[in-house]
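Note that the structure is a prediction, hence the values are computed from the model and not measured. Letters A, B, ... are given to chains in the order of the sequence lines, protein chains preceding strands, and every chain is numbered from 1.
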Number of protein chains: 2
Amino acid sequence: MSTPPAEPGPAEPGPADPGKGLATGFASADESPGLLLWQVTNRWQAAQRAALKPYGLTHVQFVLLASLAYLQAEGTPVTQRRLADHAATDPMMTSQVLRTLESRALLTRAPHPHDARARTLTLTQEGATLANTAVAAAEACDAAFFAPLAATTPTFTAALHTLRAP
Amino acid sequence: MSTPPAEPGPAEPGPADPGKGLATGFASADESPGLLLWQVTNRWQAAQRAALKPYGLTHVQFVLLASLAYLQAEGTPVTQRRLADHAATDPMMTSQVLRTLESRALLTRAPHPHDARARTLTLTQEGATLANTAVAAAEACDAAFFAPLAATTPTFTAALHTLRAP
DNA sequence: CAGCAATAGTATGCGCGCATATTAATTACA
DNA sequence: TGTAATTAATATGCGCGCATACTATTGCTG
């Protein structure tokens with residue numbers, strides 16, 4: 001409601017304007033749920049970035065580390081593919097980020113026992129410790145970020161679930 | 001509710017596991033609103049990318065183009081700063097993307113009449129036409145993407161508004 | 001009007017996010 | 001059993017998204 005007239009009208013053509021105005025309802029980031037979604041996620045990523053900075057982890061690095069800790073508890077060897085599926089990350093990016101984490105000695109990428117193509121991911125002691133510590137920071141960051149939603153958080157989460165796999 | 005036990009328990013330590021499980025409630029992308037938000041936005045961006053591909057525009061390029069069309073209708077000269085503020089885009093990225101759009105002859109970046117630092121952005125005829133066409137495609141894409149929310153869309157949009165500027 | 005903080009825009013660099021394509025190994029099937 | 005289709009991982013490349021730092025200009029203040 002901050003922009004009263006939905007149609008600007010051809011009153012002011014501007015300096016040597018060859019065309020005219022825009023023939024759309026909005027698309028000005030004030031109403032479109034898509035643009036809002038994009039902006040909010042950028043804000044959330046910035047918050048996560050700040051929260052994880054003390055641990056030297058990016059958002060994706062943290063997600064893969066924590067997801068690996070989660071999957072590792074199931075016993076079966078965790079491949080990059082399974083980790084990428086669980087974390088909903090791109091396999092290509094997953095491969096690259098995992099090699100970064102390996103170079104930091106946060107995990108190992110040993111050959112898979114039954115599949116010569118695949119690799120078995122295992123957190124190192126240091127990686128497991130860091131994952132646990134970072135999880136607390138990330139969850140605290142999340143809680144603060146979504147606090148303004150208050151009681152409507154479950155509704156919002158349900159909507160996101162609906163949009164994740166319609 | 002897909003993962004019944006909140007605590008995996010120390011029943012299966014796995015093969016030569018030095019540490020133990022993960023000491024968190026979830027963080028497995030099934031419950032966290034942050035991770036859901038991230039995944040849904042990635043899906044939305046992929047949808048926008050596909051919808052805008054026929055027009056040779058990326059998501060950000062489209063947003064800047066459409067936002068410029070919107071601001072241009074107000075008469076006053078549009079600077080990069082004002083466009084970035086309106087579109088909530090990073091000024092650095094805005095500068096680079098605008099130069100890309102200028103190289104495609106979709107807009108001009110003339111010197112500002114009253115400020116030698118700034119530049120006045122103006123859509124070319126081709127840019128204005130493309131903006132109008134692409135807006136229709138992007139809005140159709142948005143409508144399809146958020147269709148599963150049905151009547152709850154306003155509630156979802158309100159939540160995003162709350163999270164954009166708390 | 002002299003000095004200085006604020007501002008518009010840009011160079012550089014890193015890390016996603018993903019499209020495309022390739023290699024090597026596994027599985028499916030005739 | 002031999003060949004084809006599938007799959008795990010990766011090389012390459014482009015476009016954000018943003019942090020940091022820099023130049024040039026404006027405008028504020030005394």
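- An OP1 or OP2 oxygen of D:dA8 is reached within less than 4.0 angstrom by a side-chain nitrogen or oxygen of A:Arg81.
- With 3.5 Å as the limit, one finds a donor-acceptor pair spanning the side chains of A:Ser95 and A:Arg99.
- When distances run from any side-chain atom of A:Met93 to the nucleotides C:dA25, D:dG17, C:dC16, the shortest one goes to C:dC16.
- Of all nucleotides listed (C:dG9, D:dA9, C:dT26), C:dG9 comes nearest to the side chain of B:Arg109.
- Here D:dA8 is the nucleotide among C:dT10, C:dC16, D:dA8 with the atom lying nearest to any side-chain atom of A:Ala118.
- In this structure, of C:dG17, D:dC18, D:dT10, it is D:dT10 that holds the atom nearest to the side chain of A:Arg99.
- At C:dA19, one or more side-chain N or O atoms of B:Arg49 fall inside 4.0 Å of OP1 or OP2 (strictly under the cut-off).
- Distances were taken from every side-chain heavy atom of B:Ala116 (C-beta onward) to each of D:dT7, D:dT26, D:dA19; the shortest belongs to D:dT26.
- Within 4.0 Å (heavy atoms only), A:Gln45 reaches sugar-phosphate atoms of the nucleic acid but no base atom.
- Across D:dC16, C:dC16, C:dG9, the shortest atom-to-atom separation from the side chain of B:Gln61 is found for D:dC16.
- Of the residues near DNA chain C, A:Ala88 and A:His114, the one whose nearest nucleotide (by heavy atom distance) lies more toward the 5' end is A:Ala88.
- With rounding to whole Å, A:Gln39 atom CD is found 11 Å from D:dG17 atom P.
- The side chain of B:Asp115 lies closest to D:dT25, out of D:dT25, C:dC18, C:dT10.
- Judged by distance alone, the side chains of B:Thr76 and B:Arg82 do bring a donor and an acceptor atom under 3.5 Å apart.
- Taking every side-chain heavy atom of A:Met92 into account, D:dT10 is the closest of C:dG9, D:dT7, D:dT10.
- Among the protein residues, B:Thr79 comes within range of the sugar-phosphate backbone only, with heavy atoms under 4.0 Å from sugar or phosphate atoms but none that close to a base.
- The side chain of A:Arg119 sits closest to D:dT10 out of C:dG15, D:dT20, D:dT10.
- Protein atom NZ of B:Lys53 is 15 Å distant from nucleotide atom P of D:dC16, rounded to whole Å.
- Listed nucleotides: D:dC16, C:dA24, C:dG9. Nearest to the side chain of B:Thr58: D:dC16.
- Rounded to a whole Å, the NE2 atom of A:His59 is 15 Å from the P atom of D:dA19.
- Rounding to the nearest 0.5 Å gives a distance of 4.0 Å between NE2 of B:His59 and CH2 of A:Trp38.
- Distances shown here put a side-chain N or O of B:Ser95 below 4.0 Å from the OP1 or OP2 atom of C:dT10.
- Not a single side-chain hydrogen bond (donor to acceptor under 3.5 Å, both in side chains) links B:Thr120 to another residue, sequence neighbours left out.
- Side-chain N/O atoms of A:Gln80 and A:Arg119 include no donor and acceptor closer than 3.5 Å.
- The CG atom of B:Leu83 sits 13 Å away from the C1' atom of C:dA8 (whole-angstrom rounding).
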